[in-house]
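Take a look at the structure below.
Atoms within each ligand, like the ligands themselves, are counted from 1 in listed order. Values reported hereafter were calculated over all heavy atoms of this structure, with side chains retained and with hydrogens, waters and symmetry mates removed.
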Amino acid sequence: MMHYRIPFNRPCFAGNEQRYIQEAIASGKISGDGQFTQRCHAFLEEALGAPRVLLTTSCTHALEMAGLLLNLEPGDEVIFPSFTFVSTVNAFLLRGAHPVFSDIRPDTLNMDEARLEGLMTPRTKAVVVMHYAGVACEMDRIMDLCERRGVAVVEDNAHALYGRYKGSLLGSFGVMATQSFHETKNFTCGEGGALVLNDPGLVARAEILREKGTNRSSFFRGEVDKYTWVDVGSSYLPSEVLAAFLFAQLERSREIQAKRQAIWNRYQQGLAAWAAGSGVGLPFIPEHCGQSYHMFYLMMPTLESRTRLIEYLKGQGILAVFHYVPLHLSPMGVRYGGQPGQCPVSEDISDRLVRLPYYNDLSAADQTTVIEAVSRFTP
Ligand SMILES: Cc1ncc(COP(=O)(O)O)c(C=O)c1O
């Protein structure tokens, strides 16, 4: 693997990770749902104002739980943005759902709410939104439409913990939302996630699905006198070792977000003049949205200039990456009927987007190196 002077991502430590892992080990319990898991649950419930949050082994698994909780049946349709990560969709296909791909807005790169109603049919069961780069989808219009049509909304909130729409936290709109604590996210434990349950009516079944289809959680709370098999399920709970690592990051969330905000602002200020003079687009944050400072991207004028920029930065020891090949044109998307031209904005921007190095401990000196290198590039 090539070593970069400035990598795209680097796992950063908030301070107490090793101490809390040692405490978890010393407590004699390293399986799931111990004291550190409870502390992460309480923290996230408070942060999101959610009735219940459950840690999971990944955002992918939280999405799978959401798919199970929606009671999807084969042939039910679920609408997704084409410009998202595969797990947003896979989790629901595992339940037999048929994917319907929506295009995105060219400004925020989020699901285009104006196209949503046209994609709905009597079989539409759910809409899964993803707040790209932690900038909100147009939730007023999406929620109004879905409420009117009796369609559930799930938020894939992997990028967007602490993002806001008109003052309300992202992850608090849908019946459920999912978080990621993968190494590339603002807060991490390597691999991890959470399911946010905004409908108290889903909590009891969610606990069962997460614990192999058993009522183990109720048993430990003394609500039932036997622990037994009551439903389908899987094992979606992380070990206490991971929860201990994650809690060390969550408890420092303010400092982490402040660092990420400073990084975002430095990119924005350092690159604005170059971008304006070179026909390069920078992220757009609508006035009514508070972003999560998850990423900083450039929208290059062409595929050719993007490829050249990535190569040029590589030559300077800087790793910049692109992501999200439109899902409707992937081999799986094509199997479900995806065709070129179906989501023209997704097709266009996915060829032109570049993400710059962004991690909590990215130093101002290294960031200056990136900004100066980019500013010397002619698209
Ligand atoms: C939008 C989105 N959803 C879901 C995931 C999956 O997250 P995890 O790796 O925690 O399963 C990711 C991961 O990068 C993502 O970007």
Side-chain angles (χ1 to χ4, degrees), residues 8-11 32 40 44 53-68 78-94 97 99 101-102 104-105 108-111 126-137 139 153-163 170-171 173-174 176-196 210 234-239 242-243 245-246 249-250 260 283 291-297 321-328 330 332-333 346 349-350 353-355 358-359:
F8 170 68
N9 180 61
R10 178 179 276 156
C40 290
L44 291 165
V53 177
L54 297 171
L55 284 196
T56 56
T57 30
S58 63
C59 182
T60 302
H61 280 165
L63 286 158
E64 285 183 21
M65 286 182 67
L68 281 158
V78 180
I79 305 178
F80 307 94
S82 178
F83 191 66
T84 185
F85 189 65
V86 290
S87 296
T88 316
V89 183
N90 259 338
F92 299 86
L93 299 202
L94 283 170
F101 292 106
S102 163
I104 53 172
R105 296 166 53 115
T108 57
L109 314 185
N110 281 324
M111 179 182 269
V127 170
V128 183
V129 298
M130 194 275 277
H131 306 294
Y132 185 72
V135 179
C137 297
M139 294 314 289
V153 174
V154 175
E155 295 172 82
D156 179 342
N157 209 33
H159 297 183
L161 185 57
Y162 292 119
L170 301 182
F173 288 87
M176 288 172 269
T178 63
Q179 301 296 154
S180 175
F181 302 116
H182 181 261
E183 185 175 273
T184 50
K185 302 302 187 289
N186 297 21
F187 313 98
T188 183
C189 57
E191 302 277 356
L195 178 66
V196 180
R210 178 169 168 272
S234 189
S235 186
Y236 290 125
L237 69 170
S239 104
L242 288 173
F245 193 111
L246 180 63
Q249 301 246 319
L250 293 177
R260 295 189 75 98
Q291 62 153 321
S292 66
Y293 303 103
H294 176 54
M295 72 166 86
F296 195 90
Y297 62 81
V321 302
F322 65 86
H323 72 164
Y324 300 158
V325 172
L327 293 178
H328 70 287
S330 65
M332 266 299 273
S346 306
I349 63 94
S350 78
L353 185 139
V354 192
R355 297 174 65 186
Y358 203 142
Y359 43 90

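- To the nearest 0.5 Å, the span separating NE2 on His294 from CZ on Arg260 amounts to 6.5 Å.
- Residue-level proximity to ligand 1 for Ala158 is carried by the side chain, the only part with a heavy atom below 4.0 angstrom.
- When each atom of ligand 1 is checked for a heavy atom of Ser180 under 4.0 Å away, the hits are 7 (O), 8 (P), 10 (O).
- Within the 4.0 Å heavy-atom criterion, the part of Tyr324 lying near ligand 1 is the side chain and not the backbone.
- Around OH of Tyr324, the count of heavy atoms belonging to other residues, nucleotides or ligands within 6.0 Å exceeds 12.
- In this structure, Tyr132 contributes its side chain and His159 its backbone to no donor-acceptor pair below 3.5 Å.
- Panel note: side chain Gln179, backbone Ala194; no donor-acceptor pair is recorded below 3.5 Å.
- Not a single heavy atom of His61 sits closer than 4.0 Å to an atom of ligand 1.
- The single protein non-hydrogen atom nearest to atom 13 (C) of ligand 1 is Lys185 NZ, 3.2 Å, given as residue, atom name and distance.
- Between atom OG1 of residue Thr56 and atom CG of residue Leu195 there is a gap of 7.0 Å, rounded to the nearest 0.5 Å.
- The shortest contact between atom 15 (C) of ligand 1 and any protein heavy atom is with Phe85 CB, 3.6 Å.
- Under 4.0 angstrom from ligand 1, the non-hydrogen atoms of Asp156 all belong to its side chain.
- An N or O contact shorter than 3.5 Å is missing between Thr184 and ligand 1 by distance.
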Residues Met65, Thr178; criterion side-chain contact (heavy atoms from CB on, under 4.5 Å); working and verdict: CA-CA 9 Å; Met65 286 182 67; Thr178 63; over 6 Å; no
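- Any N or O atom pair closer than 3.5 Å counts here, and Cys59 shares at least one such pair with ligand 1.
- Side-chain atoms of Thr188 come within 3.5 Å of backbone N or O of Phe181 as a donor-acceptor pair.
- Taking CZ of Phe322 as the reference point, atom CD1 of Ile349 lies at 12.0 Å (rounded to 0.5 Å).
- Those atoms of ligand 1 that come under 4.0 Å of a heavy atom in Gly192, given as number and element, are 10 (O).
- Residue-to-ligand polar distances keep Ser87 apart from ligand 1: every N/O pair is separated by 3.5 Å or more.
- Residue contact check: Met130 has heavy atoms under 4.0 Å from atoms 1 (C) of ligand 1.
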